[in-house]
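Please read the structure below before turning to the comments.
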Amino acid sequence: MARRESLSEIRAADPDLALTGNIISATFNIPHALTYHKGADWDLKPRRGQSALFDSFAYLSSDATPWNHTVVAWTGEIEPPAAASDPTSSSASTSAARPSLNALSAPVPFDASTRLPTPPLVDGLWIPKQDQARLEHQLSHSETIRTIPVWLADDADADADGVLLADQGRWRRFAQHDLYNLFHYKQHEPTDGRRERVQWADYYRLNQRFADKIIEAYKPGDVVVVHDYYLMLLPSMLRQRIPAMYVSFFLHAPFPSSEFLRCLPRRKEVLEGVLGANLVGFQSYGYARHFLSCCTRILGFPSDALGIDAYGARIEVAVFPIGIDAAKVESWADADSVTAKHDALRKLYGGKKIIVGRDRLDSVRGVAQKLQAFERFLEAYPEWREKVVLIQVTSPTTVDANAERDDGDDKIASRVNELVMKINGQYGSLGFSPVQHYPQYLSQDEYFALLRAADIGLITSVRDGMNTTSLEYVVCQKHGHGPLILSEFSGTAGSLRDAIHINPWDLGDVARKIDGALTMSADRRAAMQASLYRHVTTHNVQSWTDGFLRKVRSVLGDAAAANATPLLDRALLLSRYRSAGRRLFMFDYDGTLTPIVREPSAAVPSERIIRSLKMLASDDRNAVWIISGRDQEFLKQHLGHIAGLGFSAEHGSFMRNPGSQTWINLAESFDMGWQAEVMHVFQKYTDRVPGSFIERKRCALTWHYRQADPEQGVHMSRQCHKELESGVGTKWEVEVMPGKANIEVRPTFINKGEIAKRLISTYHNPQATPKEREPSPGRVEFALCMGDDFTDEDMFRSLNGASGPVLDADHVFSVTVGASTKVTLAKWHLLEPEDVIDCVSLLAGSVGPSGPERLGEVNLGALSAVEGHIPSEER
Ligand SMILES: O=P(O)(O)OC[C@H]1O[C@@H](O)[C@H](O)[C@@H](O)[C@@H]1O
């Protein structure tokens, strides 16, 4: 991914950038199911599913919040009018065609060969421009949720007369087939990759189309909130095009462990896509933890419990379990029409306890486990036979008629069918079947009637982001007090602590918990219900929306207000450099002049930096030093041929003056007895941490864990550090220093700060006899020190100490390489070694009496945005 400026830098450059009060929510589907009528108004029906999200949008769009809200979303599969009578259509006009739960006293026949109904193929639907505009107008004037539709078609951009919608389901395929399955720990067989490539290309294009649409609507200061796994590339696409944009991302689904995510061929792209956001939200702590660890293990970015440091920016990660619109659910559930259906249901099962399950037909919903546990329950507790009925409503799962169905869908359908027949065969009678299975959609009234009629709600998902049925169940049980049995694998379990938690794989325990719930005292049930109800009604969709946006604001506020180290002002640097007589340069090596790489010996300097250093060092006004933890050999091998460079090796243990071939050993008189003890400890950790290794230098010793498991490496390095500090560190004058995926030990009196002091006093010597034609005799009039890690802070400290009393502070530049939020003594920062190289080239490009030559072009006049470059063909 291309590097980018951090938000605080952009904010610092543009202090007027403030929140506008506009929120743009990006979500895959618009909140409506659309039916097209040529030349007439579009038919807009509420879309099934995602009710919590759509309620959140409605809340955000209402007068109850201070925000102006716009949703950007795909139209979804558009149905021609003829398809409106399909039984799976959500259209109210079709509800009469569906079997009604109330009318059923026996299970709907359901066998493996009966495929669940899917929408008809809708290919080649041509929508002329005028009709597109009509829909856009209808959606933009919606009284509930103002929406901008994204048209997804091959020719969506190309053809001005309209769009041809063909194979509309293709836009879901990568997300549903690859991401949804993997996020729910379902892995499909590897293929030759052709189909995946096509699906990935569609996914990529879909995200791009969203980015285009958002950018058309965006104004500086708007907050963009991206929802769910269909749009995981969008945050980075937006960030790359508008670096200062406020972007957040929320995943409604579970997020798997790194062990599972690494099976995804596009794992890096997907993770990097999300890292364009400032804030990433999850439904539960476990998912957030998995995401953090994936960023560290798969992308190699450092993370802690609260976020990730990537691309020089801080990406915060937080947990926001979604809620429902409890007040709306309650008023719907209390409707007279629902009460009538509820009464009919209770009458139908008079004298029996009702267990209710309502799930999508998807193996992750654990319907098979539920049936097995119910079977176990009837077997273990015979006293309940004929007294308990399980009403299981299972709704179809796929809306993509063209997608290759996962075998899993058919397998689970047939498994469920087998179990239902088995249980009813074994424990039923002519007049009664203990499992009533309804493979169908329910109307809203039927759904609430069912939840109200239940004595127990049973949720056995084996993986589930947030189960809103369980929240709706709690609201519906306001008066009934039926306990909720909830799988611990549902994201909801973390929030509903008072539910009865189960492991759906432990059938015996689920059976016991069913019995326990049925025999629970009324007081206990009431207390449980009261606490759950309190939770669901206070942690509702409104408080979820407010909480998420509060966090967005605080993340953005923190970034803006952070006492950030400013980005190096290259124009100032160049002008100070040019006006100075004598100049001193102190460059760290690893992480400053070269990026950190897996194998230390592979961190060799680029051609470009070598040329730039050569040019800088060729000017006799410049004293250019490399001050590194590397040993003499390495520095000599890679940079030793540059005439005029000075070197300090092993954190100050050795020095080689410019023009000399002799190394001075500054640690000569120091007893090196500590080395054996340190080697002993390092060896112990090397044996314990696979992939770690020791770098033995003449004086300093380094233990590297950059090739080890990142989490084990960090953990063991902390232990190793502690052990060294409390052991060898108390006996010898040595310092134990945490580096970048390493620990180094060297004598305390030797450090880069001492070298910096030594160099300042060597070069800044106003009392010395002036050299011929020296403009400011003996004075260092420009000092630039660049470094990236802990050991370089000693140099910054020395330089800070000298600026003012010794050097003119305005002419001293201490620069750390890393994020602006990094804790440092440096006065400026650059994001990465590439920027350091640009800077050195910029100065090197101006070497000589009259400015730009050979290396590049410098136009001081145009330097507000700083342009100085080596032409790209030379890089
Ligand atoms: O001081 P520098 O140049 O950043 O180097 C720090 C460390 O970087 C590591 O990569 C080297 O293997 C060590 O030998 C070195 O000490």
Side-chain angles (χ1 to χ4, degrees), residues 300 302 585-606 609-610 613 624-640 642 645-656 663 666-667 675 678-679 682 686 691-708 713 717 720-721 724 734-747 750-756 759 785-799 814-818 822 824 826 829-830 832-833 836-837 840:
F585 294 85
M586 294 180 275
F587 295 116
D588 165 56
Y589 184 73
D590 282 275
T592 302
L593 296 182
T594 58
I596 304 284
V597 291
R598 264 177 87 71
E599 175 53 55
S601 61
V604 297
S606 64
I609 190 65
I610 289 178
L613 288 173
V624 186
W625 281 74
I626 308 296
I627 302 179
S628 170
R630 292 281 181 169
D631 63 14
Q632 304 162 39
E633 271 317 303
F634 182 94
L635 296 176
K636 205 168 92 188
Q637 183 188 349
H638 296 290
L639 297 167
I642 304 180
L645 271 195
F647 294 99
S648 160
E650 298 198 32
H651 298 289
S653 308
F654 304 92
M655 280 178 88
R656 192 180 104 171
W663 288 91
L666 301 174
Q675 284 190 329
V678 171
M679 279 303 285
F682 277 175
T686 306
S692 68
F693 58 94
I694 302 169
E695 181 185 355
R696 187 163 196 167
K697 296 181 269 194
R698 277 184 62 191
C699 179
L701 298 176
T702 312
W703 179 66
H704 290 275
Y705 56 89
R706 61 178 82 167
Q707 291 176 26
S717 79
C720 177
H721 193 154
L724 288 168
V734 291
E735 191 170 356
V736 184
M737 306 174 300
K740 287 193 170 157
N742 68 35
I743 293 189
E744 301 215 49
V745 186
R746 52 137 176 80
I750 281 168
N751 63 58
K752 292 181 177 183
E754 291 305 315
I755 299 294
L759 295 180
C785 175
M786 291 180 152
D788 70 312
D789 71 16
F790 177 79
T791 64
D792 304 315
E793 294 294 319
D794 290 329
M795 292 200 279
F796 302 146
R797 190 175 296 104
S798 298
L799 208 55
S814 49
V815 184
T816 189
V817 183
K822 182 169 158 183
T824 180
H829 90 112
L830 286 173
E832 50 193 18
V836 171
I837 299 174
V840 178

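First listed ligand is number 1; within each ligand, the first listed atom is number 1.
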With a cut-off of 4.0 Å, which atoms of ligand 1 are near a heavy atom of [X]?
{"X": "Lys752", "value": "1 (O), 2 (P)"}
{"X": "His704", "value": "9 (C), 11 (C), 12 (O)"}
{"X": "Lys697", "value": "13 (C), 14 (O), 15 (C), 16 (O)"}
{"X": "His651", "value": "16 (O)"}
{"X": "Arg706", "value": "9 (C), 10 (O)"}
{"X": "Tyr589", "value": "3 (O)"}

Could an N or O of ligand 1 be found under 3.5 Å from any N or O of [X], whether backbone or side chain?
{"X": "Glu695", "value": "yes"}
{"X": "Thr702", "value": "no"}
{"X": "Ile627", "value": "no"}

For [atom], what is the nearest protein heavy atom, given as residue, atom name and distance?
{"atom": "atom 3 (O) of ligand 1", "answer": "Ser628 OG, 2.7 Å"}
{"atom": "atom 8 (O) of ligand 1", "answer": "Asp590 OD2, 3.3 Å"}
{"atom": "atom 2 (P) of ligand 1", "answer": "Asp588 OD1, 2.9 Å"}

Taking heavy atoms and a distance under 4.0 Å, where does Lys740 meet ligand 1: side chain, backbone, both or neither?
-> neither
Which bit of Glu650 gets closer than 4.0 Å to ligand 1, counting heavy atoms only: side chain, backbone, both or neither?
->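 Within the 4.0 Å criterion, Glu650 makes no contact with ligand 1.
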For the residue pair Cys699 and Ser653, what are the closest heavy atoms and their distance?
->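 Of all heavy-atom pairs spanning Cys699 and Ser653, the closest is SG-OG, 3.5 Å.
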What closest approach, in Å, do Glu650 and Ile750 show between heavy atoms, and which atom pair accounts for it?
-> O-CG2, 4.3 Å
Parallel, tilted or perpendicular for Phe634 and Tyr589, by the 30°/60° rule?
->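 Aromatic pair Phe634/Tyr589 classed perpendicular.
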Can you check whether Gln707's main-chain N or O pairs, donor with acceptor, with Glu599's side chain at less than 3.5 Å?
-> no
